[in-house]
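Okay, so here's the structure we're looking at.
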Amino acid sequence: MSEMTDEPADAEERAVRTLTGDVAGLCAVVRATAAELDLLPSPAYPAVLPFGPVRGGAGGDAGIAAAAAPGGAGPESIGEGRR
Amino acid sequence: MTAFESVAAFHGALRAGTTTVAAELAAERARAEASDAVVGVFIARAGDTAERAAEADERVARGLPLRPLEGVTIGVKDVIRAGLGPTTGQSAAFADGWGEEAEESVATRRLREAGAILVGTTTTMELAYGVPEEGKPFPVPRNPHDPARFPGGSSSGSAAGVAAGFFRAALGTDTGGSIRIPSAMCGVTGFKPGYGAVPRDGVMPLGASLDHVGPIAPTAAICREVFEAIADPDALARARARAPRRAPGTGLAGVRIGVDRLDDEVELIDPDQPQRFDAALRVLRDLGAELIEVRLPRYGAGTAAALLSMMAEASAQWGPLRDARPAELTQATRILLDAGRSIAASDYLAAQRVRAANRRDLAVLFDGVDAIVTPTCHLDAPPMTAVSTLAPTSFLPSVHTGYWSGVGLPSLAVPIGPARRGLPLSLLVNGPEGGELRVLGIAEAYQAAAGPPALPVTVPGVPPDST
């Protein structure tokens, strides 16, 4: 009885662990890429959020304008291999 | 129902007396009555559509000016407050409605003001996030081309309903591809505008830095007409200012289109995908476009950054609900929310730096090209049985929408014909900031050259449309 009732929960826990492992791999990719960005010469303080402040409703043009502001060096990876 | 390439053409037919709004609505209702039990499009149906259709036909009969979307039937993904009953997000947790204290969404209010007829709310993945689960008090959406296949998500019912001819257009939301993925898998056109171009007020949030509202329709022209009705005025003015001005009949002469096939980013490619993709490129070239091979900056890291951002933001948004009422959520949603909590704040911030860097470098790339095309997916729609609640991200590796979500730029999925199983394949057309009308214009030119708009799909096992 207990084996039957525990089985779905076990499967769900395993699925969470599997997906968490996949997520950890993606985090490593992003960390490595961000670290390379840090090595590039940057004339401005590094951009953190891609679009600036986000309000509850529409994102708004102000956020996009903030995101478009220069945050670092030029097209360092265009034409190079992918990571 | 009649297939029209645009609302303008539909209005022309109304004025010419070759059809009426009531007749089109009746045909669409007949199609839904015949096959919605199979494809699971509607959560709730509006009760006033016949009256709205009669009003539209009265305006036509009296020769009054028609509003931009007069008489156009539209389904609304059930994460958007549409004034059609409780907004459930397809979740038992919100059976009584989410955001009931809030007003109708800005997007649906603008649709009504433009004369559209909102015909009902449409199925989604739970909270626009999970995967379909049998045994819940909501229909399971299926692909109209083959109900044994996944329709894509999470704007599943919106895309399936357009493909099956239940309504002429639909609203969806897109956080990592939720407009473009189901549009690709159901063989219709789906448009994610740039970030912030369409207001999200009255829309159930998932990932605050990634959520977009946009149209799904048989053609890019109808997507444009719906976008023009729901866009913020400033965003629309900016898009109009940046749209190339071309004389009629000049095709895409002078338009430079970057091409990245992304074949080295996937493990599996449908055998027909390269041929269909190349055929679509030939159409663009024959229209006069110059095709230029490009490589998207940091594609893999950009896609990872978008997915991590979505998962972290979704867990922040819905984690408290998951803790308080876990039994009311589906298994896939719980798994996604739990895994999203494993993302460290430092990794979330690293993801934002990657997104910002990609956005900056893409702006430079777009100095040299007007748009960039890639496959939307390298595979056609997977079997429903392959989309497991225990592996809710299983279909994502073949999909290329997330990268463009992360940078918040306009992105449109346009069908390019079927694979050998008869399931649709799709091209993704992407543009720079403010490039909404540029992207839509390229797709409109492509579809005009590729042939007339496809008739709605007759769902297998359902008698053909006798209308």
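Computed from a predicted structure; not experimentally measured. A, B, ... follow the sequence lines: proteins, then strands. Residue 1 opens every chain.
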Exercise for review: State the CG-CZ distance between Leu390(B) and Arg14(A), to the nearest 0.5 angstrom.
Suggested key: 8.5 Å
Check your understanding: Would you call Arg359(B) and Glu433(B) a salt bridge, using N to O less than 4.0 angstrom?
Key -> yes
Exercise for review: Using a cut-off of under 4.5 Å on heavy-atom pairs, state which of Met311(B), Arg341(B), Glu293(B), Arg334(B) scores highest against chain A.
Suggested key: Arg334(B)
**Study point:** Interchain contact, Leu336(B) with chain A, by part (heavy-atom threshold 4.5 Å)
**Key:** both
Check your understanding: Using non-hydrogen atoms only, which part of Ala363(B) is less than 4.5 Å away from chain A: side chain, backbone, both, or neither?
Key -> neither
Review point. Can you tell which of Val23(A), Thr18(A), Asp22(A) has the highest number of heavy-atom pairs within less than 4.5 Å of chain B?
Key: Val23(A)
Check your understanding: Atom CG in Leu362(B), atom CD1 in Ile372(B): separation rounded to 0.5 Å?
Key -> 6.0 Å
Check your understanding: Using a cut-off of under 4.5 Å for heavy-atom pairs, which of Ser309(B), Ser346(B), Ser105(B), Ala339(B) has the most such pairs with chain A?
Key -> Ala339(B)
Practice item. Nearest 0.5 Å please: distance from the OG atom of Ser411(B) over to the OH atom of Tyr403(B). Key: 11.5 Å
Review point. Checking heavy atoms, do the side chain of Ile335(B), its backbone, both or neither come under 4.5 Å from chain A?
Key: both
Point to revise | The single option from Asp263(B), Asp361(B), Asp264(B) passing salt bridge (Lys or Arg N to Asp or Glu O under 4.0 Å) against Arg295(B) | key: Asp264(B)
